[in-house]
Amino acid sequence: MNLQERDKAVNWHPYTQMKTANDTIPIVRGKGVHLYDNEGKQYIDAVSSWWVTLHGHAHPYIAQRVSEQLNTLEQVIFAGFTHEPAIQLSENLLQLLPNNQQKVFYSDNGSTAVEVALKMCIQFCYNKGKEKTKILAFKNAYHGDTFGAMSVSGRSVWTKPFGEMLFEVIFIDTPTSENLESIKNQIKNCADEIACFIYEPLIQGAAGMLMYEAQNLDELMKFCREQEILMVQDEVFTGFGRTGKLFAANHLSENPDIMCFSKGLTGGTLPMGITTCSNEIYNAFLSDDKYKTLFHGHSFTANPLSCTAALASMELLLNEETQNNIQRISEQHFQFSAILKQHSNVENVRQTGTILAWEFKNDQGTSYFNEIGKMLYDEFLSRGIIMRPLGNVMYLVPPYCITSEELNFIYKNILEVLDRFKIEEETNASFNQKFV
Ligand SMILES: *Cc1c(COP(=O)(O)O)cnc(C)c1O
């Protein structure tokens, strides 16, 4: 059996209808922006392997640091024990965050970082003797796939089978200058029951890279503060340079109470989640009453290898070369978006820093199941580019090490594909038969 057959016999892949899925592509190694399959074919990873890779694959510096750590201390229970990498990472990270962020709680991924944040908020109210159990979130939000994280995510095909089991959430629109007042009124009606507001700042990633203005979020945050609603800023996607600044927080003047991180945290090397909070939150758990403890922990809490990967990745992120690359990618995206906007098959071009998104104009609307997404995915793969449209929403989230030549190669292919599908669109029937 070849690798694809062996894979199919034993593996169940994420977000994949296994009955109709393409054969999986066996990847044997990665280097920088490239991945290589078992037949030696090269792919540009234009989506940073699900938005996690910052400095490229198999980065030698991160590999060296992790390897040294692996030979020193690979894992230790984090209850009752600590280690240098966790202390150093917390110190370094807190220095970069809004200055009200004072404590770090470690977990394993973005979803668990969100679970911890929600439990902190609910138990904060409980410990203070306040009856507040409702949560405020955006329609179209995505905060992960565990039950708590799913509950605060927008209701969609992804959450449908579990609808009855998700807890009560009040969903609001993302703020614009027009709807801000009506959102405030909606919140005001039930503000004293709301424990917290959780949101993806500036960009709703999984919903299709929907973007909204920092200024309007600031207004909403100010209002939540007045209403004593805790704020959880989910920077699992936006953190570590994606928005052109280190964190989405750097675009905002209001500070959240709690922040969530994962994805780019270790540069995409090893899994890890972090939830940070203010001393106000932390102090509400300090008590002689054992019932006020945060009873949460994962076996691999603050794993030394993941902490070391994060330390190495953050060092690389802060160096001048990477910062220049982030600015260059943002600038190149900006110039390319002007060209995209002229294209007759393209609408709603939008950009925040290194994230560029647009919609492929079509008659099926913006749906995750839009078949155009699959056709585009296959077409780009055949051109050696990994892009993974969300329905008809196409986007680029490249690793920061991508060169301007490599970006131009991607742009050129995007324009060719858009042109190609424009021609074929006129013979829609045969086109659908071929691809669906
Ligand atoms: C991906 C994502 C998550 C979930 O992270 P996982 O590591 O996949 O569990 C949570 N929040 C946001 C904003 C994300 O983009």
Side-chain angles (χ1 to χ4, degrees), residues 12-16 47-54 105-121 135-156 158-159 162 166 169 171 174 196-212 214 217 231-243 247-249 251-252 256 258-276 296 298 300-303 306 309-310 313 352-355 357 368 388-391 393 395-397:
W12 191 346
H13 289 264
Y15 279 92
T16 303
V47 294
S48 296
S49 283
W50 251 350
W51 322 344
V52 301
T53 308
L54 297 191
F105 194 100
Y106 287 94
S107 63
D108 302 334
N109 56 65
S111 302
T112 56
V114 167
E115 297 289 339
V116 169
L118 296 176
K119 285 173 87 168
M120 281 179 178
C121 291
I135 295 171
L136 195 63
F138 285 138
K139 292 170 189 166
N140 294 319
Y142 179 76
H143 296 289
D145 286 347
T146 51
F147 267 86
M150 235 191 335
S151 292
V152 296
S153 297
R155 299 294 178 260
S156 72
W158 300 341
T159 60
F162 316 103
L166 304 178
V169 172
F171 288 106
T174 46
C196 67
F197 167 41
I198 182 165
Y199 53 93
E200 298 160 88
L202 311 186
I203 304 162
Q204 297 185 290
M209 303 294 164
L210 305 176
M211 300 183 189
Y212 64 101
L217 178 57
M231 286 173 272
V232 178
Q233 189 157 302
D234 179 352
E235 295 231 25
V236 167
F237 174 43
T238 52
F240 306 99
R242 287 291 178 207
T243 66
F247 298 97
H251 297 263
L252 296 163
I258 294 179
M259 299 178 77
C260 303
F261 306 94
S262 187
K263 294 209 165 106
L265 171 60
T266 63
T269 312
L270 286 164
M272 186 157 77
I274 279 182
T275 310
T276 63
H296 189 103
H298 299 280
F300 287 99
T301 299
N303 172 259
S306 296
S313 173
T352 305
T354 68
I355 306 162
Y368 181 74
R388 206 170 182 276
L390 295 153
V393 178
Y395 66 88
L396 293 175
V397 178

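Both counts, for ligands and for their atoms, begin at 1 and track the order of listing.
- Ser306 contributes a side-chain N or O that, together with a main-chain N or O of Pro271, makes up a donor-acceptor pair within less than 3.5 Å.
- Checked against side chain to side chain donor-acceptor pair (under 3.5 Å), Thr275 has no partners two or more places apart in sequence or in another chain.
- Taking Phe197 as the reference, Phe138, Tyr199 meet the ring-ring contact (aromatic ring centres under 6.0 Å, His included) condition, with sequence neighbours excluded.
- When heavy-atom distances to ligand 1 are checked against 4.0 Å, the residues falling inside are Trp51, Asn109, Gly110, Ser111, Tyr142, His143, Gly144, Glu200, Asp234, Val236, Phe237, Lys263, ordered by chain and number.
- With Gln233 as the fixed residue, the side chain to side chain contact (heavy atoms under 4.5 Å, CB included) test singles out one of Ile198, Leu252, Ile258: Leu252.
- Using a 4.5 Å heavy-atom threshold, the side chains of Val236 and Cys260 count as touching.
- Taking the side chain to side chain donor-acceptor pair (under 3.5 Å) definition, one finds that Glu115 meets it with Thr146, sequence neighbours left out.
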